[in-house]
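Everything below concerns the one structure shown next.
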Amino acid sequence: MKKPTRVNHPPAVELPPGNHPLVAPIYQTVKFEFDTVAETERYLRGERPGFFYSRASNPTTRQLEQLLAELQGREDCLVTASGVGAISQTLLSLTKQADHVICFVETYNPTRYLIRRLLGRFGVTHTMLSIEDVAGVERTLAAQPVRLLFFESPTNPITKIADIGALTRLARAAGALSVMDNTFAGFHQHGAYEVDIFVHSLTKYASGTGDVMGGAVIARSELIRGMRTDFGALGGTLDPHAAFLILRGLKTYFVRYQAQSASAARIAGLLAAHPAVERVHYPGLPAHPQHALAVGQMQDFGSIVSFDLKGGAAAGRRFADALELFALAASLGSTESLVVTPQMMGGRELSAEQQRMSAITEGTIRLSIGLEDPDDLLEDVARALAATGS
Ligand SMILES: *Cc1c(COP(=O)(O)O)cnc(C)c1O
């Protein structure tokens, strides 16, 4: 074998029987072969297991899918290149022309765009309500056949709590599929409810470090089987290296989620007692309007704390500029603390009535609490509140 040939066919190193790596290797390969054409044909006919092309399946992404399905308490999972990829492919593979979708004013901006603008172009109609309007959901389900009910809890950034039991019961009785974006609450929560399909951004709590993007759709096998072909054709596949990084991040998921929730609760308490603050939005606070519902549905309340400053947009700007430990950046659930101001939040396409329902004000600030020492974070927030001048 000449050397240009050899570099393309390097020596194979195989582990001897009974010898295993503690961390599974990354299958950083697009292609897999079988030894013969006959075996390849058997694979293509679905008569034998195996891997062939990484857009369809790969052992590293498959390991992540199986782990996430188990964490969320469902049978199967599909992972995608981003959270929005999981949402867009789910919406495209589950709807057809003339279907109707229920979504909410408090729904994540890009999801609202996908339902209103993208699905709208293909003749899928929608009703957009407030997540608090369970009676409106019931009325909408009674008025016409509904294909999907798409919701989140806690919502972004106001942390409103959806009544998951009521919503899923109504959807199921009406023959609609419930789809829950569970990114904020995480894989360890909400699994006991009759949610048909969970979607997640893996970019947030799963990796935890804010250095990799991914998404997941988690549901019973029958639903995932029906979606798998469309997902392969739409092509938003997660790369095996990204899947490896997310698997690594998940090892510390529980300790991170709990530590970040504990720090967030302390910061929510400090904000609630401060004269510059009009209102704090944190489901773990007894003063949260849906605290009882949150306690019934969740064990951990998450790392997102939002609040309204009495001083409005100008105070918000001063607060965010005065923070030293919080980065002025999008995203959440990572090890570093982040702040988002009203100037950075979307939702401008909502009507005045819908804006009011969303409860975002000129002075709404969203904090994502990281893994820094909580005393340092409290000190930073107190200093920045003093800098708002009220
Ligand atoms: C970030 C986020 C997404 C989108 O995830 P990406 O990985 O950024 O595409 C979807 N839903 C919620 C609730 C999010 O916070």
Side-chain angles (χ1 to χ4, degrees), residues 61 64 68 72 77-92 101 103-116 118 131 148-162 164 178-187 189-190 195 197-218 231 234-239 242-243 245-246 249-250 253 256-257 260 264 281 283 298 301-306 327 329-340 344-347 358 360 364 366-370:
T61 57
L64 177 60
L68 292 175
Q72 187 64 83
C77 171
L78 285 163
V79 289
T80 56
S82 69
V84 162
I87 295 165
S88 63
Q89 296 185 72
T90 297
L91 290 171
L92 285 169
V101 177
C103 64
F104 298 92
V105 170
E106 299 88 347
T107 303
Y108 183 63
N109 266 327
T111 306
R112 278 209 315 267
Y113 168 85
L114 287 166
I115 292 170
R116 300 172 69 208
L118 188 116
I131 193 67
L148 301 179
L149 171 78
F150 194 111
F151 70 101
E152 291 156 38
S153 185
T155 65
N156 180 22
I158 300 299
T159 73
K160 291 187 193 175
I161 303 297
I164 308 172
S178 54
V179 186
M180 178 173 196
D181 182 337
N182 206 22
T183 300
F184 270 46
F187 313 93
Q189 307 208 70
H190 298 155
V195 172
I197 297 144
F198 285 104
V199 294
H200 286 268
S201 167
L202 305 180
T203 312
K204 316 290 171 56
Y205 291 108
S207 90
T209 39
D211 53 9
V212 60
M213 301 195 82
V217 184
I218 307 171
F231 272 55
L234 288 163
T237 313
L238 187 70
D239 183 78
L245 290 173
I246 293 163
L250 282 167
Y253 167 81
R256 281 188 285 106
Y257 201 100
Q260 287 171 252
H281 311 285
M298 308 175 80
F301 301 111
S303 68
I304 295 295
V305 182
S306 298
S331 199
L332 59 106
S334 50
T335 56
E336 66 282 277
S337 292
L338 308 170
V339 57
V340 174
M344 296 162 72
M345 286 185 211
S358 82
I360 301 173
T364 303
R366 189 188 82 180
L367 301 176
S368 171
I369 307 305

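Order of listing sets the numbers, starting from 1, for every ligand and every atom in it. Position 1 is the first residue of the sequence, and the numbers go up from there. The basis for the numbers below is simple: all heavy atoms, side chains too, and nothing from hydrogens, waters or symmetry mates.
- Distances from atom 5 (O) of ligand 1 to the heavy atoms of S88, P110, S201 put S201 nearest.
- Ranking the protein heavy atoms by distance from atom 6 (P) of ligand 1 puts G83 N, 3.4 Å first.
- Contact atoms of ligand 1 toward V84: 4 (C), 5 (O), 6 (P), 9 (O) (distance under 4.0 Å to a heavy atom of the residue).
- The two residues F231 and Q89 have their closest heavy-atom pair at O-OE1, 3.3 Å.
- R112 places no side-chain N or O within 3.5 Å of a backbone atom of C103 that could act as its donor or acceptor partner.
- Those atoms of ligand 1 with a heavy atom of G214 less than 4.0 angstrom away are 7 (O).
- Of the residues listed (L148, V217, V101), the one engaging V179 in a side chain to side chain contact (heavy atoms under 4.5 Å, CB included) is L148, and it is the only one.
- Among protein heavy atoms, atom 8 (O) of ligand 1 sits closest to M213 CE, 3.6 Å.
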> After noting the C-alpha distance and the side-chain angles of T80 and L238, does the key distance pass the side chain to side chain contact (heavy atoms under 4.5 Å, CB included) rule?
Replying inline: CA-CA 5 Å; T80 56; L238 187 70; 5.8 Å; no
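- Under 4.0 angstrom from ligand 1, there are no non-hydrogen atoms of L202.
- In this structure, the separation between OG1 on T159 and CD1 on I304 is 9.5 Å, given to the nearest 0.5 Å.
- Looking only at protein heavy atoms, the nearest one to atom 7 (O) of ligand 1 is T203 OG1, 2.5 Å.
- Y108 pairs with exactly one of T183, V84, T155 by the side chain to side chain contact (heavy atoms under 4.5 Å, CB included) rule, that one being V84.
- In this structure, the separation between CD1 on I246 and CG on D211 is 9.5 Å, given to the nearest 0.5 Å.
- Scanning all protein heavy atoms for the shortest distance to atom 14 (C) of ligand 1 gives K204 NZ, 2.9 Å.
- Not a single N or O atom of L332, backbone or side chain, sits closer than 3.5 Å to an N or O atom of ligand 1.
- Below 4.0 Å from some heavy atom of S82 lie the following atoms of ligand 1, by number and element: 7 (O), 9 (O).
- The side-chain heavy atoms of L367 and I369, taken from C-beta on, include a pair separated by under 4.5 Å.
- Under 4.0 angstrom from ligand 1, the non-hydrogen atoms of T183 all belong to its side chain.
- Under a 4.0 Å criterion applied to the non-hydrogen atoms of I87, ligand 1 contributes the atoms 10 (C).
- When atom types are taken as modelled, the side chain of Q260 and the backbone of S303 share no donor-acceptor pair closer than 3.5 angstrom.
- Residue D181 has at least one N or O atom closer than 3.5 Å to an N or O atom of ligand 1.
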